[in-house]
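Whatever order the structure lists them in is the order used to number ligands and atoms, beginning at 1.
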Amino acid sequence: MFANTEIGIDLGTANILVYSKGKGIILNEPSVVAVHLDTNEVLAVGIEAKNMVGKTPANIVAVRPLRDGVIADFDMTASMLKAILKKASKNLGLSLRKPNVVVCAPSGSTSVERRAILDAVRSCGAKNVHIIEEPVAAAIGAGLPVDEPIANVVVDIGGGTTEVAIISFGGVVNCHSIRVGGDKLDESIIHHVRKTYNMLIGERTAEQIKIEIGYSPIKHEELEMDIRGRDLVHGLPKTITLHSTEIQQALTESMFQLLESVRTTLEDCPPELSGDIVDQGVMLTGGGALLNGIQEWLSSEISVPVHIAQDPLECVAIGTGRSLKFIDKLQTVSV
Ligand code: ADP
Ligand code: MG
């Protein structure tokens with residue numbers, strides 16, 4: 001049985017991860033749920049649901065309920081969470097019996113939504129549920145000494161949002177959140193290909209392009225990639241070759257918005273903490289931290305050291321899991 005089990009949940013806009021104390025990450029799936037519209041029955045969750053996106057009949061929807069960083073559809077989010085916890089306990093081969101849970105709240109969620117996260121987790125049988133701020137979890141997962149009185153700066157680049165936070169003494173001193181993340185970069189690529197080549201590509205192709213030949217605004221050796229899509233004029237499939245420089249160009253605007261958000265947060269930093277930032281630098285977490293050249297580019301723009309967390313995609317989950325140990329020292333979010 002799962003008695004006295006402690007788990008951490010990263011409820012991300014792109015990926016949801018479950019961390020179990022002692023076992024590490026026991027589930028890592030896309031934040032997608034497929035629901036029957038007539039009965040509200042959950043048909044699939046995670047990767048199975050992601051594979052259904054855009055391919056479902058009219059009475060079934062496969063959605064990302066946390067898209068854009070806000071909880072667009074709370075009932076869907078709660079349903080997804082329940083199905084995910086079921087899957088997690090199956091992965092573990094044990095039933096999730098009265099676990100203690102730390103779950104991070106997406107930025108911009110209201111107290112009503114946080115309450116609903118609590119309720120959803122509790123309805124899955126959790127005994128104690130704590131909600132912590134996502135950047136705090138990211139910082140803990142990245143190994144930063146968050147409970148010390150020094151400035152820990154985290155830039156968490158997720159699917160829907162980028163959160164920039166300064167954390168000291170276990171709490172957020174200063175935080176900015178913008179709706180620019182991996183999804184926005186993918187959209188820019190889709191837009192570029194449509195405008196330049198009259199060709200329609202899907203979200204997954206755009207994401208692959210970003211991962212393979214997407215670059216931050218730095219000098220680099222040019223790469224090429226062949227991609228397939230649908231010609232908008234003839235309606236037929238076609239193949240074109242894309243170059244990393246044009247993709248880089250398409251991503252530039254979003255990258256500078258992200259930079260602006262980092263700058264603003266650093267400028268608003270209390271002076272006593274500013275000195276720390278020069279020494280400690282900035283820690284990048286989230287999937288966006290893996291974008292080619294981002295470390296080099298950001299550090300040259302803000303003139304402080306930039307580090308990439310060891311497992312950027314797993315930081316928040318690891319952080320929520322680790323925070324189970326010193327939950328009393330953290331400022332948990334009140335609901
Ligand atoms: P969230 O916390 O919002 O669920 P994640 O931290 O899981 O988001 O990051 C997901 C985002 O990271 C997606 O937009 C994905 O395309 C992007 N991503 C993943 N790997 C890479 C990579 N190697 N290069 C650039 N972006 C990446
Ligand atoms: Mg995240």
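- His220 and Tyr215 have parallel rings, their planes meeting at less than 30° on a 0 to 90° scale where 60° marks the start of perpendicular.
- Under the 3.5 Å distance criterion, with hydrogens and angles disregarded, a donor-acceptor pair is assigned to the side chains of Asp226 and Thr241.
- Between Phe256 and Pro217, the shortest heavy-atom distance links the atoms CE1-CG, 3.8 Å.
- Around ligand 1 you find Gly12, Thr13, Ala14, Asn15, Gly158, Gly159, Gly182, Asp183, Glu207, Lys210, Ile211, Gly286, Gly287, Gly288, Leu290, Leu291, Leu313, each with a heavy-atom distance below 4.0 Å.
- Membership of the apolar cluster around Met52 extends to Leu43, Ile60, as traced through chained side-chain contacts below 4.5 Å between ILVMFWY residues.
- Side-chain contact, Glu163 with His176: no donor N or O sits under 3.5 Å from an acceptor N or O.
- Glu301 has a carboxylate O that lies under 4.0 Å from a charged side-chain N of Arg263, or vice versa, which qualifies the two as a salt bridge.
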